[in-house]
Amino acid sequence: MELLCSPTSLSSSFALSSALLVPRSFSMPGTRRFMVLCSSQKESQMTVSVTGATGFIGRRLVQRLRADNHAIRVLTRSKSKAEQIFPAKDFPGIVIAEESEWKNCVQGSTAVVNLAGLPISTRWSPEIKKEIKGSRIRVTSKVVDLINNSPAEARPTVLVSATAVGYYGTSETGVFDENSPSGKDYLAEVCREWEGTALKANKDVRVALIRIGVVLGKDGGALAMMIPFFQMFAGGPLGSGQQWFSWIHVDDLVNLIYEALTNPSYKGVINGTAPNPVRLGEMCQQLGSVLSRPSWLPVPDFALKALLGEGATVVLEGQKVLPVRAKELGFEFKYKYVKDALRAIMQ
């Protein structure tokens, strides 16, 4: 028997996937000879460096990547926090790196996912507003510099960077897609600078910017803050309830990011929102229904402003954002309607 295989590439990006036994006659009568033909296919495993991995979305993304046997490098500012969230016994093989070690992680990675940033659902003091913007710009700038300064042979080929639907500003009547202009408020300014920083990546790096809406999940985000109020029979619409609520189930968002990592068609701006946004009043009604709780007790504007200050504009004003690009790319949303998403989350 002789073994005939095509050589692997220098980068080890090809692996043997199957073998065929093909009979070949010897010159000697009555004998047979077999030749093994080995086909090869592109290695599917990625090495992904992730900022913001300890956050609500980042944790779920890490779990998804790990489930598919990809190598993961967690880029963090707090190694102790990351080690608590990703203990070695449960996440063997994950590399956890503080900032001084990010360079060695980014170099040699297949891709980088940038999710870092201070949460915006808090009271906005001048210092907090500065940190909301600064945390995003600083980390994105550092990641882009590390990518650009990597040797060509070790440079990641993909950067998936988070941004937000706050890019569009707010409106009760407008409808926004990826081609809509930017708004003029504070969050729109943050998003413009955030995206502009990511787009400074080397021209050979594919950049996908995911403008994320309100992410629904039980373990974090806006829903985790709303559920206790409803469970105490104190839930209801925030403000008028007429503001648009552009949402996405956390699993759909993770799948969208994953697709952006693996599919070369995913580049430029992609809205990370479900195809059917709702008015916030309807969202609260559906949540009350799923929880078997009333949703008639509205939270007045002044109470929310007292709690969140200027940050209340995030929930008191909204925008109707449609995922036009994702649908063009053929992305399949598992949760297209908020009622189905809420039911799945609360099961």
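This structure is a prediction, so every number in the text was calculated from the model and none was measured. Worth knowing before you read on, the calculation uses all heavy atoms, side chains too, and leaves out hydrogens, waters and symmetry mates.
- When the side chain to side chain donor-acceptor pair (under 3.5 Å) test is applied to Tyr186, no partner is found at least two apart in sequence or on another chain.
- Within the structure, no pair that satisfies the ring pair (Phe, Tyr, Trp, His ring centres under 6.0 Å) test touches residues 130-165, not counting sequence neighbours.
- With sequence neighbours excluded, the residues forming a side-chain contact (heavy atoms from CB on, under 4.5 Å) with Thr170 are Asp185, Glu317, Gln319, listed by chain and number.
- Under a 4.0 Å N-O distance rule, the pair Glu189/Lys184 does not qualify as a salt bridge.
- Atom NZ of Lys267 is surrounded by 12 or fewer heavy atoms from other residues, nucleotides or ligands within 6.0 Å.
- Taking Ile, Leu, Val, Met, Phe, Trp and Tyr as members and joining any whose side-chain heavy atoms lie under 4.5 Å apart, directly or through other members, the hydrophobic cluster of Ile137 also contains Trp194.
- Taking the side chain to side chain donor-acceptor pair (under 3.5 Å) definition, one finds that Asp252 meets it with nothing, sequence neighbours left out.
- Shown are Leu61, Asn69, Asp68; of these, the side chain to side chain contact (heavy atoms under 4.5 Å, CB included) with Leu65 is made only by Leu61.
- For the residue pair Ile248 and Ala274, the shortest heavy atom distance occurs at CB-N, 3.9 Å.
- Applying the ring pair (Phe, Tyr, Trp, His ring centres under 6.0 Å) definition to pairs two or more places apart or across chains, those involving residues 129-170 are Tyr168-Phe176.
- Checked against side-chain contact (heavy atoms from CB on, under 4.5 Å), Lys130 has no partners two or more places apart in sequence or in another chain.
- Pairs passing the ring pair (Phe, Tyr, Trp, His ring centres under 6.0 Å) check and including a residue from residues 130-151, sequence neighbours excluded, do not occur.
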Ignoring hydrogens and angles, write down the donor-acceptor pairs under 3.5 Å from the side chains of residues 79-100, residues two or more places apart or on other chains.
residue, atom, partner, partner atom, Å
Ser80, OG, Ser78, OG, 3.4
Glu98, OE2, Lys79, N, 3.3
Glu99, OE1, Arg138, NH1, 3.2

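- Under the rule for a side chain to side chain donor-acceptor pair (under 3.5 Å), Thr76 has no partner lying at least two apart in sequence or in another chain.
- Cation-pi geometry between Lys129 and Trp124 is not satisfied (NZ or CZ under 6.0 Å from the ring centre, within 45° of the ring normal).
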Query - Test side chain to side chain donor-acceptor pair (under 3.5 Å) applied to Ser182 and Arg192, step by step - result: CA-CA 8 Å; Ser182 179; Arg192 285 195 303 271; 2.8 Å; yes

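- Listed by chain and number, the residues in a side chain to side chain donor-acceptor pair (under 3.5 Å) with Arg59 amount to none (sequence neighbours excluded).
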Anything under 3.5 Å between a donor and an acceptor, one on a side chain of residues 321-342, the other on a protein residue two or more places apart or in another chain? List them.
residue, atom, partner, partner atom, Å
Arg325, NH1, Glu328, OE1, 3.2

